[in-house]
Amino acid sequence: MVYWGQLVDKWDDLPTRDGILNPGYKLEWENFQHDIVTDYLGWQAKIVNEYKRPDQFITQDFSGGVHTNLNQWAIARSLDIVAENPYFETQARLNGRGIWLSDDLGRSLKHSNILVTETNAQTIGWDSRTQYPQYPGQLRQVVYTHLAAGANMVEYWHWHSLHYGQETYWKGVLSHDLEPNRTYAEVSRVAGELKRIGPDLVDLKKDNSVAILVSVDSANALSYMPVSDSVDYMSVLRQMYGALYDLNIEPDFVQAGDPGLSHYKVLLVPPLYSASDGVLQQISDYVKNGGQVVMSFKSGFTDEHSTVRDVMAPGPLRAACGFHYQEFTNLPGPEKLTPDPYALGEQNVGSVWEEFLVPETAEVVTSFDDHYWRFPAITRNKYGTGMLTYEGTYLSDPLQRELIREVLKRVQLTGPDQDLPIAVRVRQGRNGRGKLLHYYFNFSGQEQSVSYPYRDGLDLLAGSAVGHAQSLRLKPWDLAIISENGN
Amino acid sequence: MVYWGQLVDKWDDLPTRDGILNPGYKLEWENFQHDIVTDYLGWQAKIVNEYKRPDQFITQDFSGGVHTNLNQWAIARSLDIVAENPYFETQARLNGRGIWLSDDLGRSLKHSNILVTETNAQTIGWDSRTQYPQYPGQLRQVVYTHLAAGANMVEYWHWHSLHYGQETYWKGVLSHDLEPNRTYAEVSRVAGELKRIGPDLVDLKKDNSVAILVSVDSANALSYMPVSDSVDYMSVLRQMYGALYDLNIEPDFVQAGDPGLSHYKVLLVPPLYSASDGVLQQISDYVKNGGQVVMSFKSGFTDEHSTVRDVMAPGPLRAACGFHYQEFTNLPGPEKLTPDPYALGEQNVGSVWEEFLVPETAEVVTSFDDHYWRFPAITRNKYGTGMLTYEGTYLSDPLQRELIREVLKRVQLTGPDQDLPIAVRVRQGRNGRGKLLHYYFNFSGQEQSVSYPYRDGLDLLAGSAVGHAQSLRLKPWDLAIISENGN
Amino acid sequence: MVYWGQLVDKWDDLPTRDGILNPGYKLEWENFQHDIVTDYLGWQAKIVNEYKRPDQFITQDFSGGVHTNLNQWAIARSLDIVAENPYFETQARLNGRGIWLSDDLGRSLKHSNILVTETNAQTIGWDSRTQYPQYPGQLRQVVYTHLAAGANMVEYWHWHSLHYGQETYWKGVLSHDLEPNRTYAEVSRVAGELKRIGPDLVDLKKDNSVAILVSVDSANALSYMPVSDSVDYMSVLRQMYGALYDLNIEPDFVQAGDPGLSHYKVLLVPPLYSASDGVLQQISDYVKNGGQVVMSFKSGFTDEHSTVRDVMAPGPLRAACGFHYQEFTNLPGPEKLTPDPYALGEQNVGSVWEEFLVPETAEVVTSFDDHYWRFPAITRNKYGTGMLTYEGTYLSDPLQRELIREVLKRVQLTGPDQDLPIAVRVRQGRNGRGKLLHYYFNFSGQEQSVSYPYRDGLDLLAGSAVGHAQSLRLKPWDLAIISENGN
């Protein structure tokens, strides 16, 4: 399959040929391309809408993850249902992080359930260099991983493996021999289960308290002026998402400029490098009115045309942040911070980038331990009834996680799920019948045992009752789905 | 010099620009180019044949090694004599492996003697980054290395070094100063020897019992769907050739589809990824009729259009192999095998690729030692009066060598030559006068001493008699040629 | 800013597309491009000269360092004043080496004072990956670093940071906020100092005894036939310059063919790979008449068309060098030399290239310690009343330094400056009022203390007297300028 993103990538090469370019012009060009795609799909949808029957619907599959070369929210307005094609790493590398990032994003586009129109059947790859068939049980586990994030369907690319062409080794449920096989047997098993318990799983709804702000403009503008060869906008977004994953917290994604921020208690903001005064004001107001923001370096630096603001950074965010800065430096390696508020030792470091933050009303959480410059690395500013926690550097993964954990605690969003072993991941929601479901996944090759902390319920797959505080045993690459009693 | 292969390489880029391509189409395109070259050279030969005198002959130089962008056997049909230009690594890296691979291939094209039309005089290279003049004695040693493989002439590129242009540092016998030098002196010494003993060396004929099957289609088709960044068709071919080199066994090369397989006792088959049913049937029949085959992974997977077969792998080879498989996985690193049939310890490993072999009639030689999948890595199947040994993974070099050694033993092809130190390499053949010659080379900087195991003979270079079981002393980078008494 | 060199680079790609080229043709092409640039700038200067007022002058900024894609000496003939834009590494990496290489080159073009028209204000870079603001004091220190090399002005690119475009992060004195900042404060401080002592610093003149010969033809011709992926003409030039830097010796640069060589006592010659007989004769005569030459490998190998000479190397330099050679080899790694004349231990090595030097009249300083080839690595030849020291290999940095130190000692060019700690670098000259100035720089974060060895004088910045043998204390990233009493 060819995705829109791939087509757009080719056009993308054009304006970089000039050598010396206005990054703002590049951003206009990029967004012009987004509009072409949005308009084209909208025009197609309009035509289809004239002819389709009432029982038919329009969908479009995105290839998984956050696309920085599309306006996914705008496209979604032309769709009845959003579809995702999240391919994933298998064998010992399987977990829910990448799959849920795709599914959570897809679900957030229309705040509704999604379809998974493609995902790994057997091995994938455009050649034979990365053929990694799933361990026994993994295909089944992944079906439920999707459902736990709000998918209403899981479909494979494709029925049988192709005998020639580029996707010869992007294998289907059947191998090239067209005979029943291990994968077919596992698909059949899941199909049998879903026939039985599917009605208890479908139309799962979420009511998340945490959101990640997506600014595709920022991702693109920062990519024209990168701070690092390895760390970019998406690194920080994925790090923040990963911290939530590690904490067993489910987020929604919201687009920069979304007027519904007040729905959330906590907003995580990857480098909001390019944003209009209006978007920044919205975030500032969100804090003033009680919101908790965790914001990354470089936010507020340029406007919506990626033109640097001609006031002290971080521009319109200055009051909410409680500091200003005039200078910054790259960091050739990780730099120690002091104090070490989360007792992380070697991991209490910042790297890549250091802003020379001069606090005005902000409190310093930790600072760089450098001979010449001892600027704050993390600050915390009470503003109105909310708080803005700012990261003036690229944090280590554990530091990001612990910083976010502290913010979650502050607004009482933590509980027993945050203390589970990393192999056990939890998703929850309310099914179409109004029942609260708790999915427990064991993403490991070792059996796991955890205490079930919610109200008494029914283990849907086992068909047995589960009591509060009862021990749940999860086999390798397996799961349990508990439907709480009552509503 | 510009070789046909180089010209063809440029055309080769064209069809890969499309991104998504039918590998079969790429193979047709590749073979169309082969045909253009073959036809062009055949047309040239036809014109020359109309005018050349009876004492003149047509030759064409190949640049050494196996060419996957030419049909060398087809081209050879237009030639009276095949010529090779094997350039080689010098100084401490000099040995016979690469030189003999080229010469053996050249000799196999018409099963006849060859000419060496170019080879290292002084240093080579299109710039000054890899100027490595030969140690004293190496130029002379290499002349005999070529003769020992069936060359009837050794010629240099070129007489004197060029004073400008791309090949300024691809030096000739004379340096740029055009005066006598060390290389000229060594060439003169060899010339004097050849004047004396050349008639005893010329027209050396081989009667080899081992052949390596060459399938250029397989090399190309597999390169479109590589199993690895580092291991490809040629890696396995060179590994098999290297095992024979280490074992002091001389092979011929045969083209896939050659009807004369029955001439050989042992056939080594690098990944026969793309081959027609007919070619596979021929190999199956060869085994049935008593042949010993050592066959690499991926064989039989696609047909002559590189279209995957729609039956269980390995398709028409299934009976001869004695197994089938439906799945495979890449291996991120080397995986231990069990048992360890050749006591190789750390080297008893497979890497790159693992087929999920399900034995039917095959015996398991060794298997993967993995938690999830314990499939056979090597199998052995009696079929008719022969046997097919199959490698479902990429073996370590020592494992490949010992596996081949075992097969050679089974058909009584081993003797004292297989136990010589690695520095001492042997080649043999019958000269134009019907005498049996044994060449002993010392490819090292240390003197070597070995016991001469054949019938009494004459040391041609020394002019002295050599008796059975007598000790032969070989100086650094030197050799002895023993002509057996009698016929 | 776009430099001529950058434009020329694009045209430069053309003739390399052919694959097989006469390196001589490439050199003609390269020099044709140099002529276009020289002619164009000369034509512009001619037009301006018709209209400019007597108090106006023509300058042109070179982007720093030695340009191998321009004829800087020829261009300089059209200019009234040469300008340089030396950007430099900051923070812990700051020192005078790269800055002085640029300034010394610029000053040598017309043997006169220069302007610095651009240099680091705040951070530089075409994106945000290498933003390294200067430590406190470094900007000020660098102003004097330029003046100490003969600059009469230091100007910044640019006043304030740009808000969009490729040079958004190539920051000016002011940040994007356009408000006073740390850099503005430091610039102001220097401006105040210069208002006071500037008249004592301006028009500094040098009378250097050491010169480095620049042959852009050699740099280019050798780049077509490189000896290494990492070592080229400029590596050796920079190594020789670095040795002088380490020894606190200030050189001029002279262009190959300059008739004024006799002004210098010592001439350092990086690989003079492409040079006419006349240029080589000039060097030969320079030695004969008492000059000391230190010459690198590959010198004399090709003529001015990069055609290899058809006589024994080093061609017309043979008598002055006192050896000939016919062969050479690359070296895969460093090779030990014997004896170890400067007691360098592990650093007594040659690498990259070994010429098989056969001494005629030359004395051997040290030789390769190799089983096959024990050729001299360094030779020394008395010729007429001078001496030519030849390096037949790429020396380690310490070996280059000590070899040059020995040559300097031979002609009494050493004194107390050569024994200073590496952090303390000295420059000297006579100002416009005829006073001798000694600049002492501390390029480190640690305070340094040195003994002042010259005649009593005045510390211009401190305004205090300094006596002979008095201790000078230099703060981190600071300096002292002593004006000797008398004339």
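Just so we're clear, the structure is a prediction, and the values are computed from it rather than from any experiment. Quick note on labels: first sequence line is chain A, next is B, and so on, each numbered from 1.
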Task: Test item: B/S306 and A/Y164 side chains (from C-beta on) under 4.5 Å apart, heavy atoms - done: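 Sidechains of A/Y164 and B/S306: no contact.
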Give, as side chain, backbone, both or neither, the part of [X] having an atom under 4.5 angstrom from any heavy atom of chain A.
{"X": "B/V227", "value": "both"}
{"X": "B/L331", "value": "backbone"}
{"X": "B/F328", "value": "both"}
{"X": "B/D229", "value": "both"}

TODO: Count the heavy atoms belonging to other residues, nucleotides or ligands that lie under 6.0 Å from CZ of A/R473, then report whether that count exceeds 12.
DONE: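 No, the 6.0 Å shell around CZ holds no more than 12 heavy atoms from other groups.
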Task: More than 12 heavy atoms of other groups within 6.0 Å of A/Y184 OH - done: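 Check fails, neighbour count at 12 or below.
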TODO: Search all heavy atoms of B/W373 against all heavy atoms of A/P133 and return the closest pair with its distance.
DONE: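 Nearest pair, atom of B/W373 first, then A/P133: CH2-O, 3.5 Å.
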Gap separating the [atom1] atom of [X] from the [atom2] atom of [Y], nearest 0.5 angstrom:
{"X": "B/E327", "Y": "A/N181", "atom1": "CD", "atom2": "CG", "answer": "6.0 Å"}
{"X": "A/L162", "Y": "B/T307", "atom1": "CG", "atom2": "OG1", "answer": "11.0 Å"}
{"X": "B/Y273", "Y": "A/S128", "atom1": "OH", "atom2": "OG", "answer": "5.5 Å"}

Given a strict heavy-atom distance threshold of 4.5 Å, which part of [X] is in contact with chain B: side chain, backbone, both, or neither?
{"X": "A/E179", "result": "both"}
{"X": "A/P476", "result": "neither"}
{"X": "A/T123", "result": "side chain"}

- [ ] Determine whether the side chains of A/Q91 and B/T329 contain a donor N or O and an acceptor N or O closer than 3.5 Å.
- [x]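 Yes, a side-chain donor-acceptor pair sits under 3.5 Å.
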Open item on the list: Looking only at side-chain N and O atoms, does B/Q326 offer a donor or acceptor that is under 3.5 Å from a partner on A/D177?
Closed with: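 Result is yes, a qualifying pair exists.
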Open item on the list: Between A/H176 and B/F301, is the ring centroid distance below 6.0 Å?
Closed with: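 They qualify: ring centres under 6.0 Å apart.
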Task: Test side-chain contact (heavy atoms from CB on, under 4.5 Å) applied to B/W353 and A/Q131, step by step - done: CA-CA 9 Å; B/W353 189 253; A/Q131 298 281 297; 4.0 Å; yes
TODO: Pick whichever of B/P226, B/P332, B/A313, B/G315 has the most heavy-atom pairs under 4.5 Å with chain A.
DONE: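 Of the candidates given, the most pairs with chain A belong to B/P226.
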